[in-house]
Amino acid sequence: MSNKWNEEPICLTWGYEDVSSWIETLGFPQYAACFETNMINGRKLILMDASNLPKIGITDFEHIKFIAKNIRDTLGIERPYWNRSISLRPREPMGMYLERKEITGPKANNLTYAKYLKEVEREEREKARRK
């Protein structure tokens, strides 16, 4: 049985066609070309939020909200809150991991969610030791 807390989203391995097919399954076949033309694969899906969707041709606000929510759900990240308290942890681990994964290069390519969680744990132990 898989542990969803230690696994990265399967969509990170999606190609352009997978993303456009996924958009079609959401009920928006008219936007499949927007994602394919802009070469939005699973890794680039991390960057797609309500502010970036209009840049690739999605301008209906209700559609933007729906697609952005489904992207967050697919990636397993929380909704961004404008009034988030600074006393809270930065964000949930998956969102922080995906921020590191959205870039390209060998370091980001080799980073897994399990490795990221170990890194965070090590950093927290070091902080606690310094106090």
Side-chain angles (χ1 to χ4, degrees):
M1 185 169 173
S2 66
N3 179 354
K4 78 173 196 164
W5 301 110
N6 289 322
E7 293 180 7
E8 53 190 48
I10 190 70
C11 65
L12 293 182
T13 63
W14 290 353
Y16 314 125
E17 301 82 14
D18 299 314
V19 173
S20 63
S21 293
W22 175 74
I23 288 297
E24 289 178 6
T25 65
L26 292 180
F28 298 104
Q30 70 272 31
Y31 298 135
C34 295
F35 284 84
E36 277 199 49
T37 303
N38 289 283
M39 297 190 282
I40 306 298
N41 61 17
R43 288 272 293 269
K44 289 184 181 175
L45 197 60
I46 297 168
L47 301 171
M48 292 291 101
D49 59 15
S51 65
N52 287 322
L53 290 171
K55 295 175 186 173
I56 66 167
I58 302 170
T59 56
D60 182 295
F61 187 62
E62 292 303 314
H63 294 178
I64 290 169
K65 290 190 311 185
F66 185 83
I67 293 170
K69 181 202 177 302
N70 278 276
I71 289 171
R72 285 192 309 274
D73 291 348
T74 301
L75 292 169
I77 55 177
E78 68 184 4
R79 180 177 173 209
Y81 293 102
W82 63 270
N83 60 347
R84 185 173 175 81
S85 171
I86 61 170
S87 66
L88 298 175
R89 292 183 69 162
R91 277 185 314 207
E92 90 284 5
M94 182 57 74
M96 299 297 287
Y97 164 72
L98 292 174
E99 235 176 61
R100 299 246 323 261
K101 195 72 176 171
E102 70 189 18
I103 60 171
T104 58
K107 190 172 182 178
N109 291 344
N110 292 326
L111 183 65
T112 64
Y113 190 53
K115 286 180 186 177
Y116 173 75
L117 291 175
K118 285 180 184 178
E119 242 181 63
V120 169
E121 187 179 308
R122 185 179 63 246
E123 289 170 2
E124 288 178 359
R125 280 195 312 263
E126 287 177 15
K127 281 182 192 175
R129 192 174 53 230
R130 284 186 231 138
K131 287 184 179 182

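It should be emphasised that the depicted structure is a prediction, and the values quoted were computed from it without experimental measurement.
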Engineer: Residues two or more places apart in sequence or in another chain: which of them pass salt bridge (charged side-chain N to carboxylate O under 4.0 Å, His left out) with Glu123?
Structural biologist: none
Engineer: Roughly how far, to the nearest 0.5 Å, is CD1 of Ile40 from CE of Met48?
Structural biologist: 4.0 Å
Engineer: Go through the steps for Leu98 and Leu12 under the test side chain to side chain contact (heavy atoms under 4.5 Å, CB included), then give the verdict.
Structural biologist: CA-CA 9 Å; Leu98 292 174; Leu12 293 182; 4.0 Å; yes
Engineer: Locate the shortest heavy-atom distance separating Lys101 from Ala108; write the atom from each residue and the value.
Structural biologist: NZ-O, 2.8 Å
Engineer: Taking salt bridge (charged side-chain N to carboxylate O under 4.0 Å, His left out) as the test, write out the residues that go with Arg125, two or more places apart.
Structural biologist: Glu121
Engineer: Quick one: list whatever passes salt bridge (charged side-chain N to carboxylate O under 4.0 Å, His left out) with Arg130, sequence neighbours left out.
Structural biologist: Glu126
Engineer: Using the side-chain contact (heavy atoms from CB on, under 4.5 Å) criterion, which residues pair with Glu62? Sequence neighbours excluded.
Structural biologist: Asp60, Lys65
Engineer: Which atom pair, heavy atoms only, marks the closest approach of Pro54 to Ala50?
Structural biologist: CD-O, 3.2 Å
Engineer: Could I get the full list of side-chain contact (heavy atoms from CB on, under 4.5 Å) partners for Thr112, not counting sequence neighbours?
Structural biologist: Glu8, Ala114, Lys115
Engineer: Check the angle between the aromatic planes of Tyr116 and Tyr97 and answer parallel, tilted or perpendicular using the 30° and 60° thresholds.
Structural biologist: tilted
Engineer: With side chains defined as the heavy atoms from C-beta onward, is the minimum distance between Asp18 and Phe35 less than 4.5 Å?
Structural biologist: no
Engineer: Search all heavy atoms of Tyr31 against all heavy atoms of Gly57 and return the closest pair with its distance.
Structural biologist: CE2-O, 4.4 Å
Engineer: Could you list the residues that satisfy side-chain contact (heavy atoms from CB on, under 4.5 Å) with Lys69, not counting sequence neighbours?
Structural biologist: Arg72, Asp73
Engineer: Just to verify, what does Thr74 make a side-chain hydrogen bond (donor to acceptor under 3.5 Å, both in side chains) with, not counting sequence neighbours?
Structural biologist: none
Engineer: Under 4.5 Å side-chain heavy-atom separation, chaining through any Ile, Leu, Val, Met, Phe, Trp or Tyr, what else clusters with Met39? Say none if it is isolated.
Structural biologist: Tyr16
Engineer: Do you know which two heavy atoms are closest between Ile58 and His63, and how far apart they sit?
Structural biologist: CG2-CB, 4.5 Å
Engineer: As an exercise, state the distance from CD1 of Ile46 to CD1 of Ile77, rounded to the nearest 0.5 Å.
Structural biologist: 8.5 Å
Engineer: List the residues meeting salt bridge (charged side-chain N to carboxylate O under 4.0 Å, His left out) with Glu24, not counting sequence neighbours, and say none if there are none.
Structural biologist: none
Engineer: Are Val120 and Leu75 connected in the hydrophobic side-chain network, where two residues link if heavy atoms are under 4.5 Å apart?
Structural biologist: yes
Engineer: Looking at every non-hydrogen atom in both residues, tell me the closest pair between Thr13 and Ile10 and how far apart they are.
Structural biologist: OG1-O, 2.8 Å
Engineer: Going by the side-chain hydrogen bond (donor to acceptor under 3.5 Å, both in side chains) test, which pairs reach into residues 37-46, not counting sequence neighbours?
Structural biologist: Arg43-Asn109
Engineer: To the nearest 0.5 Å, tell me how far Ile56 CD1 sits from Ile67 CD1.
Structural biologist: 8.0 Å
Engineer: If I take atom CD1 from residue Ile64 and atom CG from residue Leu53, how far apart are they, to the nearest 0.5 angstrom?
Structural biologist: 6.0 Å
Engineer: Partners of Leu26 by side-chain contact (heavy atoms from CB on, under 4.5 Å), sequence neighbours excluded?
Structural biologist: Trp22, Ile23, Phe28, Phe66, Asn70
Engineer: Taking the side chain as every heavy atom from C-beta outward, state whether Ser21 and Trp14 have any pair of such atoms under 4.5 Å apart.
Structural biologist: no
Engineer: Please list, chain by chain and in numerical order, all residues satisfying side-chain hydrogen bond (donor to acceptor under 3.5 Å, both in side chains) with Ser51, sequence neighbours excluded.
Structural biologist: Asp49
Engineer: How many angstroms lie between atom CG of Leu45 and atom CD of Glu102, to the nearest 0.5 angstrom?
Structural biologist: 11.5 Å
